[in-house]
Student: 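I have a structure I would like to understand better, so I am pasting it below and will then ask my questions one at a time.
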2 protein chains.
Amino acid sequence: MKANRPSAPTLRDIAEAVGVHTTTVSRALNPRTQNQVGADTVRRVRKAAKDLGYQPNPIALSLRTSRSRTVGLVIPDITNPLFPPIVRGIESALEAGGYSGWIVNTDNDPQRERKLIESLRSRQVEGLIVATARLEHPLLAELHAAGVPLVLVNRRVEGIDVPCVTADDAAGVSAAVAHLAGLGHTRIAHLAGPQTTSTGAARARAFRHAVRDLGLSDEPGLVVECAQWSEEAGASAARSLLDARTDVTAVVAGNDLIALGCYDVFGERGIDCPGDISVVGFNDMPFLDKLRPPLTTVHVPHHDVGVEAARMLLDGIEDPERPARSMLLPVSLVVRGSTAPR
Amino acid sequence: MKANRPSAPTLRDIAEAVGVHTTTVSRALNPRTQNQVGADTVRRVRKAAKDLGYQPNPIALSLRTSRSRTVGLVIPDITNPLFPPIVRGIESALEAGGYSGWIVNTDNDPQRERKLIESLRSRQVEGLIVATARLEHPLLAELHAAGVPLVLVNRRVEGIDVPCVTADDAAGVSAAVAHLAGLGHTRIAHLAGPQTTSTGAARARAFRHAVRDLGLSDEPGLVVECAQWSEEAGASAARSLLDARTDVTAVVAGNDLIALGCYDVFGERGIDCPGDISVVGFNDMPFLDKLRPPLTTVHVPHHDVGVEAARMLLDGIEDPERPARSMLLPVSLVVRGSTAPR
DNA sequence: CATCGTTACGCAATCGATTGCGTTGCCAGC
DNA sequence: GCTGGCAACGCAATCGATTGCGTAACGATG
C-alpha cells in the first residue's frame, strides 16, 4: 500500500493547466532559471502551482540532481543529555537553510558508524556533522578525501583539515582550577576523559598548565584517565584515585557524567562533598542544579554549538573550496554547591 | 558539488558485466522476483553485484515505488529526557526491520507540526509514530482517513481507531496512591497533567478512583491541573495548591518534571520533603536517583515503549487491513527518598 | 528586404530502479 | 511433427524533476 497521498500534483499537471511544457514549468518555478522564462508565463505558472497546491517531489529532485537538502548528524547516543540541545541547535540552523538532518546513533562502535554513514550517503546526504571523532579516525580521513563536506562537534581530528566547533576547553578547565585554588585547594586531581579523544587530551593538558601556572602540585598521580565519558568510568577512576591517595581535596572532572561518578564513590565511602572533597564538572548538562550537592560546572552553550556547526556545514556545502575554519565557543563557570573552601 | 561518491555501481554496470538486461538484474537481486530468473543467472548476477560493491539506490527505489523504508517520528522536543530512550527503542526495532526514522520536533505547536508532517510525507515516509497527540487532534484524523499508517506513543486520541502504546497509567497511579496510603497519608493531592491529553486525563481519573477505593479524601480541591507537562507548570500548580491549603501531606505528580516543580516550591517555602510532604513522580526519567531527595516515581520502560511502537507501525505498514490494537506496558513503583511515613 | 542576435520555449534524454507485457526457446503430450 | 504451456528473459514505459541543445519568433540594424 502506498503511504503517500494518491494525487499530489506534479509539474505535468501545471503544464497542462497553463498550456506550456513541463520544462518551462520547472524553469519558471526555480529562481535560478526563472530568467529564462517570460514574466507573464512565470506569473501564470506560479498561480497554477499555488492553486493546485504543488510541492516539488524531493525524491525526484534528489534522483536527478544527486542532492537532497539533507545532512547526516552522527552522534554517539541521543540519551546522553549533552546531545539533545546540540541537535536542537543544529536543527534550527538547518531548517533556516532549507535543510533537514538525519540523526544516527553510533554507540561509539566504529563498525556501526561506518555502516550508518554508508547508509546516509546512499541517501545523498550533502554533508555530515560528526560528534564521534577520535584523534585518529580513518573513516573521517576517507570521507574528507572523497570531498564529503564535514564539520566536527566537540572534538577535533588529527591530520586532516576539517572544520570543528568546540567549547573553549582550555579556558573552562583553567577557570575551574582557578576557582578551586581561590577556595584554598592545593592538591587538585583531574579525572580526564579518554585521551583518544581531542577533548580528553585538551582538557588534561589545560589542567596541567593551569596547576603549574598557579604553582600547585602537578604530580602525574593527580591525573587519572577514564576509559569512557561515562558515570561508571568516572566512578572507577575516582576509586582508583582515592585508593592511591588521601590528600586530594578537589577534583576537576573531565565532564559532568564523570563528576556524577565521583558522587557515587563519595556516597559509598562516606566522603562529604564539598566538605571533604570539592568537585567541578564540565558541560552543564540539564538538572545539575537539582543534584545534592548541586554541581559546580563549566557551562557550554550547547544549542549554540549546534547552530554554529550547522551553519558551518551549510557554508561548506555552498562553497566547497572555502578554507576550513574552526570555532571555539566561550564557556563560563557556574558555581553551585559542590565546591567549598578547603 | 555532488556529495555522493562519483562512481557508485548501478544495475546497468551489473547487466553489462553479466551480459543480461537490467530487468533481469533487478529481478535476480530481489527475493520476491528472483523466481523469475534462472538459478545460474541469479548466481552470476549476485556475484557481479558483490564484486562491484553494488548497493541499491534508495532514492531511485523510492521514486519508482513510492516507498522509502523510512518512517516519521513526531515528538514534542528531544531535549525532554523522556524521549531519547523512546527514540532509541524505536530506532532499534526499525533497524531490525530494515527501516529508518526521521525525527521531527514540534515544540507542541500545531502549525509547526502540520508543516513538519507535510514535509515528512513528501519524502514518502511509510508511516508515522506520533508522541504529540491531544485528545482532539484534527490532523491525526485527516492522516488516518488518508490511510497513513499511524501509531501513537504515550497518548491516545478520541474518535479514530489508531493503535497506541502507553504505559499502564491507571496501575501506576494506583500503586503510587497505595504506597502513600501505606505510609499513613490520608490527604493526598494530585498535580495533574493537561486534561487535553489522554495521559493527563487518565492519570487524574486513576487518582480519583484510587483515593476513593482506599477511602481517602477525594475532595476536588486536591486535584490541580498543570498547564503543561513541565517543571515550571508543576511549580505553578504546587504554589496554587499550597496557597489554598496546608493539610496536604503527599503529592502524586502527573510526571517527573511536575514533581521537580514541587521540589522548587518546597525549596522556596522551607518545606521539607519527605518530612513535611512526600512526592511521587511518574516516568522515571534519567538521574532521579541523583536528586536530593531521590525521587520516588512510577517506572515506565521507555525503551520498550519505543520498540513496541515501531513494531506495531511496521506491522501496520505490512498489513494495512490489520485491526488497530493498543498496548499497555506494565509499570512499577520505584521507591526512593521522596516518600516517608506521615 | 535580408540578416543577425536575443529571448522564450519545447524536445528528448537523464537520473536508477521497478514492472507489465511480449517474445523466444524448450519440453512434454498428442 | 505439431501444438500448447511454461520458464527465462528483454523491451519499453514509468516515477517526477532537471538540463543541454535546438528551434521559432521577434526586433533591430544595415
Side-chain angles (χ1 to χ4, degrees), chain A residues 1-46 48-49 52-69 121-124, chain B residues 2-46 48-49 52-69 121-124 126:
Chain A
M1 163 131 201
K2 296 205 185 158
N4 211 22
R5 57 191 73 176
S7 54
T10 67
L11 290 185
R12 186 177 299 184
D13 299 313
I14 300 175
E16 274 171 28
V18 178
V20 296
H21 195 263
T22 58
T23 305
T24 304
V25 175
S26 177
R27 288 176 175 146
L29 293 177
N30 183 344
R32 281 188 298 105
T33 51
Q34 191 182 115
N35 58 310
Q36 300 172 33
V37 181
D40 185 57
T41 305
V42 170
R43 188 184 50 76
R44 287 160 50 227
V45 166
R46 281 185 167 176
L52 290 170
Y54 170 76
Q55 296 283 344
N57 182 325
I59 307 288
L61 195 59
S62 292
L63 184 61
R64 184 61 178 78
T65 62
S66 298
R67 301 190 63 169
S68 64
R69 306 202 75 99
R121 296 195 62 211
S122 77
R123 290 190 188 276
Q124 325 271 27
Chain B
K2 296 203 186 164
N4 210 23
R5 56 192 73 178
S7 56
T10 67
L11 289 186
R12 186 178 299 183
D13 298 315
I14 300 174
E16 276 171 27
V18 178
V20 295
H21 195 264
T22 58
T23 305
T24 303
V25 175
S26 178
R27 287 176 176 142
L29 292 177
N30 184 344
R32 280 187 299 103
T33 52
Q34 191 184 116
N35 57 312
Q36 300 172 32
V37 182
D40 186 57
T41 303
V42 170
R43 189 185 48 78
R44 288 159 53 225
V45 166
R46 281 184 166 178
L52 290 169
Y54 170 78
Q55 296 284 343
N57 183 326
I59 308 289
L61 194 59
S62 293
L63 184 61
R64 184 62 177 79
T65 61
S66 298
R67 300 190 63 171
S68 63
R69 306 200 75 98
R121 296 195 63 208
S122 78
R123 291 190 185 276
Q124 326 270 28
E126 300 188 32

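In the text below, chain A, chain B and the rest are named by the order of the sequence lines, each starting its count at 1.
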Student: Counting only heavy atoms not in A:Arg46, do more than 12 fall under 6.0 Å of its CZ?
Tutor: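 Atom CZ in A:Arg46 is not packed in, count stays at 12 or less.
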Student: Mind checking which nucleotides bracket the chain A contacts on DNA chain D, 5' to 3', with an atom under 4.0 Å from a heavy atom?
Tutor: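 Both ends considered, the range comes out as D:dG16 to D:dC21.
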Student: A:Pro58 and B:Ser122: which non-hydrogen atoms are nearest, and at how many Å?
Tutor: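 For A:Pro58 and B:Ser122, the tightest heavy-atom pair comes out as CD-O, 3.3 Å.
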Student: I need the A:Arg64 CZ to A:Asn57 CG distance, nearest 0.5 Å.
Tutor: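 Rounded to the nearest 0.5 Å, the CZ-CG separation comes out at 14.5 Å.
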Student: Counting only heavy atoms from other residues, nucleotides and ligands, does the tally under 6.0 Å from CD of A:Gln34 exceed 12?
Tutor: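 Buried by this count: over 12 neighbours within 6.0 Å.
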Student: Under 3.5 Å, sequence neighbours excluded: what are the donor-acceptor pairs made by side chains of residues 12-19 of chain B?
Tutor:
{"unit_1": "B:Asp13", "atom_1": "OD2", "unit_2": "B:Thr10", "atom_2": "N", "d": "2.8"}
{"unit_1": "B:Asp13", "atom_1": "OD2", "unit_2": "B:Thr10", "atom_2": "OG1", "d": "3.4"}

Student: Mind grabbing the angle between the end helix axes of the helix from C:dC1-D:dG30 to C:dC30-D:dG1? Five pairs an end, 10° rounding.
Tutor: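 It comes to 70° between the two terminal axes.
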Student: Applying side-chain contact (heavy atoms from CB on, under 4.5 Å), name anything that partners A:Ser62, two or more places apart in sequence or on another chain.
Tutor: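 Listed in chain order: A:Ser68, B:Ile59.
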Student: Can you list everything that forms a salt bridge (Lys or Arg N to Asp or Glu O under 4.0 Å) with A:Arg43? Sequence neighbours excluded, please.
Tutor: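 A:Arg43 satisfies salt bridge (Lys or Arg N to Asp or Glu O under 4.0 Å) with A:Asp40 only.
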Student: Classify the nucleic acid contact of A:Asn35 as base, sugar-phosphate or nothing, counting any heavy atom under 4.0 Å across all strands shown.
Tutor: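 The answer is sugar-phosphate, as A:Asn35 gets under 4.0 Å only of primed atoms, P, OP1 or OP2.
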Student: Please confirm whether the backbone N or O of B:Arg69 pairs with a side-chain atom of B:Glu126, one donor and one acceptor, at under 3.5 Å?
Tutor: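 Yes, the answer is positive, given that a donor and an acceptor are paired below the 3.5 Å cut-off.
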Student: A:Arg12 or A:Gln36: which one's nearest nucleotide on DNA chain D is closer to the 5' end?
Tutor: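 Residue closer to the 5' terminus by nearest nucleotide: A:Arg12.
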Student: Which parts of residues 15-34 of chain B get close to DNA chain D, meaning a heavy atom less than 4.0 angstrom away?
Tutor: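 Listed by number, they are B:Val20, B:His21, B:Thr23, B:Thr24, B:Arg27.
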Student: Of all the heavy-atom pairs spanning A:Val37 and A:Ala28, show the shortest one and how long it is.
Tutor: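 Answer, listing the atom of A:Val37 first, then A:Ala28: CG2-N, 3.8 Å.
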Student: Answer with base, sugar-phosphate or nothing: what part of the nucleic acid does A:Leu61 contact at a heavy-atom distance below 4.0 Å?
Tutor: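 Touches sugar-phosphate only.
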Student: At their closest point, which heavy atom of B:Leu11 faces which heavy atom of B:Ser26, and how far apart are they?
Tutor: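 So the two residues come closest at CD1-CB, 3.7 Å.
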